[in-house]
Amino acid sequence: MKPTVLSSVKILLLLILVLCLESICGGFVYMIYALCTTLVAGKDIQLVSGMLFVNGVFLFAPIAISSSGAFLLFFLIRHQWGTKADFIVYASWYVLSWLIFIPASFRLYEQINHGQHIVSTEALTSQGYFRNSYGGDETLYYSQVRDDGTVEGLSIAEHKLYTFNSRKIPEKQSVFTDTIIQQSMEMNSVMSFLANSYNEMFEIGAESSRNFWSWLCFSSIGLVYLACFVLRRLSVWRLVNVFFILLVYIGFFNLDLYIYTGDILPVLNSEVNGMLPFVPGNAFVVIINLLFALLLLIGGLITRFYRKKHEDARSDAVFYGADE
């Protein structure tokens, strides 16, 4: 099918549908996990929470919106499209996303989440189960849980066993209410790293969205993602193009995050920000994003010129052979 303006509009509508599905799935996953943190062994469970679902939708909305452009590029790579109309759709989507949709999602999340906390409606513990303490230094068994917040049972620690009659229920020291549930549902190191990285970037973005100029500096990463349009034809191998697009998306997300947090190049970061105090954000991040976006554009133009010249040379050779 030949790409037209109408086909580009259809792609945009499909993009919006994918975005909605991503946000809904993110909200569902967040709701289920958040409800699991309130579970107590032996107690009734709550399967649905509208407030947690809405929180999850807007929590995942920024990454769903910012990554949606990559799906459009993958579609263009798959069908070998890339007309001016497609670029207009891609550029328009990113301008709207980074100037309106993403900052609006931050503000809506803060309004919805303001004063809301995940609180277990059940008792903090239950009887009849062996469970580790929060510190893991002892194993506890509660034979009776009283309404006054005390328990009766036994403790096993350092190969010693002793009983207690009136012991206060330990305060919650984790996002999980019950350590039994924590042992089964706690994220592994990889998932915990990914979640923590996103939470840190989300907080930085939410803070930047409160000021228009600060947000412009933060959204400079969107220019890098916008420049990824030139990578759709970087190589004749489609998987190579997909790989480099993913590398830029994930790589610059982490690069910006680590510069913001001071994990990499802290001295240079501090010096650049000191030289440009008038920039209402992290000047070092803005400079790196702008430079790399420019390099992508220049590299894309050079690649396009070289490929067009090579194709013209091949067509001339075929035409010359036909004359003979």
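In this text the structure is predicted, and so the values were computed from the model without any measurement. One-based numbering along the sequence shown. Values below: every heavy atom of this structure, side chains too, minus hydrogens, waters and symmetry copies.
At least one side-chain heavy atom of Ile287 sits less than 4.5 Å from a side-chain heavy atom of Leu276. Within the 4.5 Å cutoff, the side chain of Asn55 has no heavy atoms near those of the Met31 side chain. The shortest distance between side-chain heavy atoms of Ser155 and Lys160 does not fall below 4.5 Å. At a threshold of 4.5 Å between non-hydrogen side-chain atoms, the residues Leu154 and Ile156 count as touching. In this structure the side chain of Ile102 never reaches within 4.5 angstrom of the side chain of Ser219, judged on heavy atoms. Contact annotation: the side chain of Met201 approaches that of Asp256 to within less than 4.5 Å [non-hydrogen atoms, C-beta and beyond]. Residues Asn132 and Glu138 form no side-chain contact, since every pair of their non-hydrogen atoms from C-beta on lies 4.5 Å or further apart. Side-chain contact between Arg232 and Asn241 is absent, with no heavy atoms from C-beta onward closer than 4.5 Å.
Of the possible polar contacts, one joining the Ser209 side chain to the Ala206 backbone as a donor-acceptor pair under 3.5 Å is found. With hydrogens and angles disregarded, a donor-acceptor distance shorter than 3.5 Å links the side chain of Ser143 to the backbone of Glu152. Side chain of Asn273 to main chain of Asn269: a donor-acceptor pair is present (N/O by atom type, distance under 3.5 Å, no hydrogens or angles). Arg238 contributes a side-chain N or O that, together with a main-chain N or O of Arg78, makes up a donor-acceptor pair within less than 3.5 Å. Side chain of Thr37 to backbone of Ala34: a donor-acceptor contact under 3.5 angstrom is found. In terms of modelled atom types and a separation under 3.5 Å, the side chain of Ser270 and the main chain of Pro266 share no donor-acceptor contact. At least one donor-acceptor pair under 3.5 Å links the side chain of Trp215 to the backbone N or O of Trp98.
Here the CD1-OG distance, from Ile65 to Ser105, works out to 5.0 Å after rounding to the nearest 0.5 Å. Here Leu246 contributes atom CG and Leu239 contributes atom CG; the two are 10.5 Å apart, rounded to the nearest 0.5 Å. Within the model, atoms OH of Tyr141 and CG of Leu161 stand 12.5 Å from one another, a figure rounded to the nearest 0.5 Å. Rounded to the nearest 0.5 Å, atoms CD1 (Ile221) and CZ (Phe253) are 7.5 Å apart. Atom SG of Cys228 and atom CG of Leu223 lie 11.0 Å apart (nearest 0.5 Å). The CG atom of Asn165 sits 6.0 Å away from the OG1 atom of Thr163 when rounded to the nearest 0.5 Å.
Taking the six-membered ring for Trp and the full ring otherwise, Trp237 and Phe243 have centroids separated by 6.0 Å or more. Tyr90 and Tyr94 have their aromatic ring centers within a separation under 6.0 angstrom. When ring centroids are compared, Phe252 and Tyr225 stay outside the 6.0 Å threshold.
Considering all non-hydrogen atoms of both residues, Ile204 and Leu257 come closest at CD1-CD1, 4.1 Å. Closest heavy-atom contact between Cys36 and Phe176: O-CD2, 4.1 Å. Residue Cys217 comes nearest to Val279 through the heavy atom pair SG-CG1, 3.7 Å, listed as atom of the first residue, atom of the second, then distance. The minimum heavy-atom distance between Glu186 and Tyr33, with the atom names listed, is CA-OH, 4.1 Å. Of all heavy-atom pairs between Met51 and Ile112, the closest is SD-CG2, 3.7 Å. Taking all atoms of both residues into account, the shortest heavy-atom contact from Ser220 to Asn289 is OG-ND2, 2.8 Å.
Tracing side-chain contacts under 4.5 Å through hydrophobic residues (I, L, V, M, F, W, Y), one never reaches Ile250 starting from Ile264; they form parts of separate clusters. Each of Met275 and Val267 belongs to its own hydrophobic cluster when Ile, Leu, Val, Met, Phe, Trp and Tyr are linked at side-chain heavy-atom distances under 4.5 angstrom. No single ILVMFWY cluster, assembled from side-chain heavy atoms under 4.5 Å apart, contains both Leu295 and Leu290. Both Val190 and Tyr258 sit in one connected hydrophobic cluster of ILVMFWY residues. Membership requires side-chain heavy atoms under 4.5 Å apart, directly or through other members. Under the 4.5 Å side-chain contact rule for hydrophobic residues, Phe60 and Ile16 share a cluster.
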Inset, instruction - Take Val48 and Phe53 through the side-chain contact (heavy atoms from CB on, under 4.5 Å) test and state the conclusion after the steps. - result: CA-CA 8 Å; Val48 179; Phe53 174 76; over 6 Å; no
* Does the ring-ring contact (aromatic ring centres under 6.0 Å, His included) test come out yes or no for Phe101 and Trp93, once each step is laid out? -> CA-CA 10 Å; Phe101 299 150; Trp93 175 256; 5.8 Å; yes
Worked check of side-chain contact (heavy atoms from CB on, under 4.5 Å) between Val286 and Asn282: CA-CA 7 Å; Val286 175; Asn282 192 303; 5.9 Å; no
- request: Would you check, one step at a time, whether the test side-chain contact (heavy atoms from CB on, under 4.5 Å) holds for Ser68 with Leu72?
  value: CA-CA 7 Å; Ser68 58; Leu72 175 57; over 6 Å; no
Between Ile245 and Phe74, is the side-chain contact (heavy atoms from CB on, under 4.5 Å) condition met? List the steps. CA-CA 9 Å; Ile245 290 173; Phe74 298 157; 3.9 Å; yes
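Phe202 CZ: more than 12 foreign heavy atoms inside a 6.0 Å radius. A 6.0 Å sphere centred on OH of Tyr198 holds more than 12 heavy atoms belonging to other residues, nucleotides or ligands. In the displayed structure, Leu17 atom CG is contacted under 6.0 Å by more than 12 heavy atoms of other residues, nucleotides or ligands.
Residues forming a salt bridge (Lys or Arg N to Asp or Glu O under 4.0 Å) with Arg210 (at least two apart in sequence, or on another chain): Glu110, Glu207.
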